[in-house]
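In what follows, a single structure is set out as structure tokens and then discussed.
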Amino acid sequence: MPKIALSVNSQPVSHDVEGRLLLVDFIREVLGLTGTHVGCDTSQCGACVVHVNGQPVKSCTLLAVQADGADVTTIEGVSPDQGLNPLQQAFHEKHGLQCGFCTPGMVMTAMALIEDNPDPSDADIRHGLEGNICRCTGYQNIVEAVRTGAKVMRG
Amino acid sequence: MQDFEYQKPKTVTEAGDAFNAQSDGSFLAGGQTLIPVLKQGLAMPSGLIDLAGIEDLQGITATESTLTVGAMTTHARVAASPEVQKAIPALAGLAGGIGDPQVRNRGTLGGSLANNDPSADYPAAVLALSAVVVTDKRRIPADGFFTGMFETALDEGELITDVEFPVAERAAYAKFPNPASRYAVAGVFVARVDGAVRVAVTGAGPGVFRAAEMEAALDKDFQADALEGIAVSEADLIADIHASAGYRAHLIGVMAGRAVDAANANVGAA
């Protein structure tokens with residue numbers, strides 16, 4: 001069984017894993033970090049988005065062994081111990097979620113988007129969130145939340 | 001998913017050896033198609049040979065006449081590359097419109113070509129630009145590479161290392177994406193290289209193909225108007241829940257016109 005060693009939310013982690021183990025299952029089942037969700041399991045919905053070496057990826061479409069040596073960040077890694085980060089706060093204030101199932105993926109994708117583009121237009125936000133599906137909100141408030149979160153993060 | 005032996009070689013030679021040592025080996029590029037395929041049990045390889053550790057398969061280099069892209073270069077990297085944006089902006093634009101940001105961060109040029117999905121974007125660029133697919137064994141011209149639905153000229157165990165794109169005088173890609181998957185319902189790449197026009201269509205047929213009548217018309221006059229009156233036959237096109245063959249035939253004409261307009265506009269802007 002391959003042994004992998006990686007960093008998850010800045011903590012070193014090493015484990016023996018089957019080749020076929022998906023990164024999302026490693027995160028949820030092995031590490032117990034259940035903030036990352038499995039929605040469709042077919043790489044379409046984006047509920048499972050995490051950052052691998054700073055880039056958003058769908059962790060249901062990546063093997064854990066492919067993340068060997070990588071820096072992985074999950075929703076737990078971008079949340080303060082108490083309260084919410086500015087983008088999460090914006091989702092809360094702008095009602096950017098209803099059931100909340102897609103939200104961890106939305107936040108992780110939007111964090112990377114804002115990092116690349118601190119002042120995104122609505123079109124940029126919609127293009128950037130194309131890989132994240134929400135079945136509740138109709139996206140309007142999600143776009144508003146990302147716009148607001150970006151503004152707060154710009155300071 | 002059935003388990004498999006996982007290997008991550010450092011060189012192309014090691015990758016070939018690892019493949020040959022397997023009873024049913026499979027190369028893993030970005031995995032954006034292969035991993036879903038494995039999950040569904042549509043492929044059950046004995047060994048997976050991950051190409052991500054091979055430095056030689058990465059990177060982008062440009063000369064005046066040729067842009068060379070390593071097989072394991074991701075779509076995101078091609079889209080953001082200043083070299084690609086300068087040499088063949090249409091190729092950067094195409095890469096930036098594949099799938100979604102997460103897919104673009106993992107998916108690779110070589111993986112897309114080896115898979116040859118009939119709705120993939122890259123095959124249209126490779127065919128229209130008359131690129132050369134370089135493998136660990138030989139150089140395959142685009143016209144001989146795509147042999148059918150999910151079929152290519154690659155032999156068992158043959159590995160794409162690079163793709164050499166001629167720098168076009170004018171080029172553009174226009175696609176009508178499926179709104180959910182962003183795969184092309186119909187996509188048309190138009191390119192003029194050394195005065196000769198080539199038009200490649202993806203998404204609409206069982207594999208990427210060239211539109212000869214459009215090429216002849218654009219050879220005479222590289223304007224969208226030149227395409228007027230050219231009827232695309234729906235005979236060999238795909239009909240599925242997303243679009244009928246007739247609708248796809250119509251889209252090919254519309255996308256070709258938009259691509260020509262965009263190609264001429266690109267030149268004007270530069």
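In what follows, every chain begins at residue 1, and chains take the letters A, B, ... in the order their sequences are listed. Everything numeric here is computed off the predicted structure, so don't read it as measured data. Below, all heavy atoms of this structure are taken into account, side chains as well, without hydrogens, waters or symmetry copies.
Looking at A:V49, only its side chain comes within 4.5 Å of chain B, counting heavy atoms on both sides. Proximity to chain B (any heavy atom under 4.5 Å) is shown, for A:I133, by neither the backbone nor the side chain. Neither the backbone nor the side chain of B:L38 comes within less than 4.5 Å of any heavy atom of chain A.
When side chains are defined from C-beta on, A:L63 counts as touching B:L48, because their heavy atoms get closer than 4.5 Å.
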If you check both backbone and side chains, which donor-acceptor pairs between chain B and chain A fall under 3.5 Å?
unit_1 : atom_1 : unit_2 : atom_2 : d
B:M1   : O      : A:R20  : NH1    : 2.5
B:D3   : OD1    : A:G19  : N      : 3.4
B:D3   : OD1    : A:R20  : N      : 3.1
B:Q32  : NE2    : A:T61  : O      : 3.3
B:K39  : NZ     : A:D41  : O      : 2.9
B:K39  : NZ     : A:D41  : OD1    : 2.8
B:K39  : NZ     : A:C60  : O      : 2.7
B:D100 : OD2    : A:K58  : NZ     : 2.7
B:Q102 : NE2    : A:T109 : OG1    : 2.8
B:Q102 : NE2    : A:N132 : OD1    : 3.0
B:N105 : ND2    : A:P56  : O      : 2.8

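Within the structure, ring-ring contact (aromatic ring centres under 6.0 Å, His included) contacts touching residues 16-60 of chain B (residues at least two apart or in different chains) are B:F19-B:F27.
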